[in-house]
Every structure is written in structure tokens, then in C-alpha cells.
Amino acid sequence: MSTSRTLRITVSTLTRQRPAMLAALIESWGKMAVPVDCEITCLVVENDSEPKSVGVIEAAKPLPNGMGLAYVLETEPGIPFGRNRAAKEAIAAGSDLLAFVDDDEIVAEDWLVKLIAAYRQSEALLIGGPLRVKQTPRKLSFIDALMDKCIARRYLRKETRAARRADLTGTPGVTIVTNNWLAETSVFEKHGIWFDEKMRFTGGTDSKLCAEVKAAGLPTAWAADAAVYEEIPLERLAVSYQFKRGRDQSSTNYTRKLEGQPSAKYNVLVSVPIKIVIICGLVIALPFTGGRTLLDVVRTSGWVAGRFDALLGRRSDLYKTVTGD
């Protein structure tokens, strides 16, 4: 909510077996500009059976910008357990706000300044911002390089679409996810909206939480200039990974829809044939676009497979496997 008072903020990430990426994120936290009238603690929640990242945390202390750096171990496996643990820690610390970024990202130096400015200028309890691809020199195969460029274009399209649809007054048609996320702790403490722990490995709990925040009539906003950056791990450039990601996101979203409206199962009679026609068009376009439609072919094919997985009651377990280092 718009305010000029001093804010207590927890900036958190959830990590599991990615020490190099975590170290890069923490380094970017240490370079962040600190918003005025803010008390900030950065929190790493490790979701593993034993503490494996403590050395990374200790090596990064103290952060150059003076912000605190804390660590907790959450041994219950699954992304929603780690995210809810971060929320509980933020509430226990008396934080007004909780921010999330992923451990495979780095934040822009002005990221938090821009995010807090958006919070102060809006009435929102939940705010999102754009994710961009961090381009770094590395040797890639032809297909991997093509996929890397396709993913960067996909991110840019999503950012452009979000900036067109959403602003500080609302986010119609835009889902706020935890790769760049800020919320009042009152969302959890007062309104009782938490990440769904039944969706242990499926992903999509942040999308569901966003939908529940909107359904409750709570205001949301979009900070178009508060950017974070992701270097795409080599494993995620594989065609098989992108297919599985598209499949599992489709399955998770459709499963949630079917739970609320069982008659939605008949949608596939229309949507799937349309998607198949689109796939055919994208395949035909491949040589004429220099391969720029490759990712769309793969992800749309995954979307179709995900619809059938949902109808058959299959649940995604994409996030059981860690990618990146």
C-alpha cells in the first residue's frame, strides 16, 4: 500500500544444489542500491536434506552494501514448502514485504529501488516485474544457440505483452510469478493465501497464488522497469527439456482448471485441433524464419501433450530434477 514510512523487507531465494548460480545471485544482491527508508535482509532458503550452501553464504558475508544475509534449511522437499518457509521467516522477522527471485538469476543494481518505488506509488499487495535473458559468451552447438536466441525472444515478447497490459493500477491478463515478485506479508498472515503444498513438485504454485490474490480482490501491480536476468543453463536449451516444460506447465494449469470446472475437459475438442494446426504452420515456417519458430513448435507440442496428461490424471514432477550449477 502506498506509504512513506520505513519498510522492513526480506529479499529471498529458494535454492537446491546450485552453488555457482547462488553465489552469482548473492553477489548481485551485494551490488544492489538500497532503497531509502528501508531495512533489508537477504534470505537464502535451502530446500535439501542437509545444509550444502552454508559455505557459499559465509563466503559472501558481509554484503558490500550493508544488507543482512541470512540462511535457513527447509528439509521438507518441494518448492511450495521452501517458499512458505521464506514467508514464515519474513513474518517472524517483522517484515512488511517479502520479495522473491530465483537462484539462477541476478538482479539489476536498481531492481529493488524500482520495485519499492512501484510499491510506494501503488495500492498493490502483490507486484511483479520482467525477466530477461543474461547473454554471456559461451560455446554452444547450432541447436543450442538457436534455442538460446528463441528463449530470449520469448522472454522479450512476454515482457512487451506484460508492459502493454499491466501497470501500477492492475495486471489484467498477466501472471505474477516468483522469478521477480514482491508482496506484503499480509497476503499470508492476514488474508491466509499461501503457496499450495499439495503441488510439491509440479510447479505453478506461484501462478495459483497470483490467481487466488486476484480472486480475493486484492490489488496487484506491474513494475516494468524492475528487471532481473537469467542465464539459461545448457540443460534447459535441450529440445527435450523445453518440450517437458511446456507439457508440465500445460498439465498443471489445466489440472487446476479442471478441479474448479470439470466441464472444461471438453475444451480439448476445440483447443487441441487448433493447436495442431498452429504446430503445422510453425513447422512449415521453420526454414523461412531461420529457425525462429523452433521453440514455439516444441512448446506448443508440449502444451498439447500436457492437456492429455491432465485428462489422464498425470502430475508433473519436472522440479524433482535440478538443472544448472
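Ring planes of Phe195 and Phe100: perpendicular class, angle over 60° (limits at 30 and 60°).
Between the side chain of Ser28 and the backbone N or O of Leu25 there is at least one donor-acceptor pair closer than 3.5 Å. Judged by distance alone, with hydrogens and angles left aside, the side-chain atoms of Arg292 form no donor-acceptor pair with the main-chain N or O of Ala285 at under 3.5 Å. Between the Glu46 side chain and the Leu14 main chain, no donor and acceptor come within less than 3.5 Å of each other. Looking only at distances, no side-chain donor or acceptor of Asp37 sits under 3.5 Å from a matching main-chain atom of Arg5. Checked by atom type and distance alone, the side chain of Asn65 pairs as donor or acceptor with a backbone atom of Gly30 at under 3.5 Å. With hydrogens and angles disregarded, no donor-acceptor distance shorter than 3.5 Å links the side chain of Ser250 to the backbone of Gly246. No side-chain donor-acceptor contact under 3.5 Å links Thr293 to the backbone of Asp296. Side-chain N or O atoms of Ser12 include one that pairs as donor or acceptor with a backbone N or O of Leu43 at under 3.5 Å. Under the 3.5 Å distance criterion, the side-chain polar atoms of Thr289 are matched with a main-chain donor or acceptor of Leu286. Between the side chain of Asn180 and the backbone N or O of Gly128, no donor-acceptor pair lies under 3.5 Å.
Val133 and Val239 fall within the same hydrophobic cluster, where Ile, Leu, Val, Met, Phe, Trp and Tyr residues are linked whenever their side-chain heavy atoms come under 4.5 Å apart, directly or through other members. Placement of Val107 and Val177 in two distinct hydrophobic clusters is found when ILVMFWY residues are connected by side-chain heavy-atom separations under 4.5 Å, directly or transitively. Leu22 and Ile106 are members of different hydrophobic clusters when ILVMFWY side chains are connected at heavy-atom separations under 4.5 Å. Linking Ile, Leu, Val, Met, Phe, Trp and Tyr residues whenever their side-chain heavy atoms come within less than 4.5 Å places Val270 and Tyr254 in a single cluster. Using a 4.5 Å cut-off between side-chain heavy atoms of Ile, Leu, Val, Met, Phe, Trp and Tyr, with links allowed through other members, Val34 and Ile9 fall into the same hydrophobic cluster.
For the 3.5 Å distance criterion, the side chains of Arg307 and Ser271 fail to qualify, holding no donor opposite an acceptor. For the residue pair Asp309 and Ser251, no side-chain donor N or O sits within less than 3.5 Å of a side-chain acceptor on the partner. Glu230 and Asn179 share no donor-acceptor pair across their side chains, judged by distance under 3.5 Å alone. A donor-acceptor contact closer than 3.5 angstrom is absent between the side chains of Tyr71 and Glu58. Donor-acceptor pairing under 3.5 Å is recorded for the side chains of Lys214 and Thr171.
Here the CD atom belonging to Gln249 is positioned 4.5 Å from the CZ atom belonging to Arg299, to the nearest 0.5 angstrom. To the nearest 0.5 Å, the span separating CD1 on Ile278 from CH2 on Trp303 amounts to 8.5 Å. From Thr252, atom OG1 reaches atom CZ of Arg247 across 10.0 Å, with rounding to the nearest 0.5 Å. Taken from OG1 in Thr205 to CD in Glu212, the straight-line distance is 10.0 Å, to the nearest 0.5 Å. Summarising the geometry, atom CD belonging to Gln135 is positioned 11.5 Å from atom OH belonging to Tyr229; distances are rounded to the nearest 0.5 Å. Here the straight-line distance linking atom CG of Leu168 with atom CD of Glu123 works out to 11.0 Å at 0.5 Å rounding.
Trp111 and Ala99 make their closest contact through CH2-CB, 4.1 Å (heavy atoms, listed as atom of the first residue, atom of the second, distance). Ile176 and Cys210 make their closest contact through N-SG, 3.4 Å (heavy atoms, listed as atom of the first residue, atom of the second, distance). Of all non-hydrogen atoms in Leu258 and Ala264, the two that sit nearest each other are CD2-C, 3.8 Å. Closest non-hydrogen pair, Pro130 versus Ala224, comes out as CG-O, 3.5 Å. Across every non-hydrogen atom of Ile91 and Trp194, the tightest pair is CD1-CH2, 4.0 Å. Closest approach of Thr13 to Asp103, counting heavy atoms only: OG1-N, 3.1 Å.
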Before giving the answer on side chain to side chain contact (heavy atoms under 4.5 Å, CB included), spell out for Ile40 and Val11 the whole-Å C-alpha distance, their side-chain angles and the decisive distance to 0.1 Å.
CA-CA 7 Å; Ile40 302 163; Val11 176; 3.9 Å; yes
Please evaluate residues Ile26 and Leu63 with respect to the criterion side chain to side chain contact (heavy atoms under 4.5 Å, CB included), reporting the C-alpha separation (whole Å), side-chain torsions for both, the decisive distance (0.1 Å), and the verdict.
CA-CA 8 Å; Ile26 295 174; Leu63 294 181; 3.8 Å; yes
Val44/Val56 under side chain to side chain contact (heavy atoms under 4.5 Å, CB included): CA gap, chis, key distance, verdict:
CA-CA 10 Å; Val44 175; Val56 175; over 6 Å; no
Please walk me through it: do Ile79 and Asp206 pass side chain to side chain contact (heavy atoms under 4.5 Å, CB included)?
CA-CA 10 Å; Ile79 289 174; Asp206 47 1; over 6 Å; no
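Contact check for Asp96 versus Tyr119: no side-chain heavy atoms found under the 4.5 Å cut-off. With a 4.5 Å cut-off on side-chain heavy atoms, Arg200 and Pro77 count as touching. Proximity of Met147 to Leu295: side-chain heavy atoms (C-beta onward) are separated by under 4.5 Å at one or more points. With contacts defined as side-chain heavy-atom distances shorter than 4.5 Å, the pair Ile127/Leu115 qualifies. Counting heavy atoms from C-beta outward, Glu89 and Thr10 have side chains that stay 4.5 Å or more apart. Counting heavy atoms from C-beta outward, Leu237 and Ile151 have side chains that approach closer than 4.5 Å. Residues Leu69 and Ile57 form a side-chain contact, since some pair of their non-hydrogen atoms from C-beta on lies under 4.5 Å apart. Considering only heavy atoms from C-beta on, Tyr155 comes within 4.5 Å of Ile232 through its side chain.
Taking the charged nitrogens against the carboxylate oxygens, Glu39 and Arg8 do have a contact shorter than 4.0 Å, which makes a salt bridge. Ion pair Asp248/Lys244 not flagged as a salt bridge, since none of the NZ, NE, NH1 or NH2 atoms sits closer than 4.0 Å to an Asp/Glu carboxylate oxygen. The pair Asp104-Arg236 counts as a salt bridge, with a side-chain nitrogen and a carboxylate oxygen less than 4.0 angstrom apart.
With side-chain heavy atoms closer than 4.5 Å counting as contact, directly or through intermediates, the hydrophobic cluster containing Tyr266 also holds Leu269.
Tested against Val174, the residues Arg165, Arg164, Arg161 include a single side chain to side chain contact (heavy atoms under 4.5 Å, CB included) partner, Arg165. The one candidate from Arg138, Arg153, Lys134 that meets the salt bridge (charged side-chain N to carboxylate O under 4.0 Å, His left out) condition with Asp148 is Arg138.
The environment of NZ in Lys190 is sparse: at most 12 heavy-atom neighbours from other residues, nucleotides or ligands sit within 6.0 Å. For Lys149, the NZ atom sits in a loose shell: 12 or fewer heavy atoms of surrounding residues, nucleotides or ligands are nearer than 6.0 Å. A 6.0 Å sphere centred on CZ of Phe81 holds more than 12 heavy atoms belonging to other residues, nucleotides or ligands.
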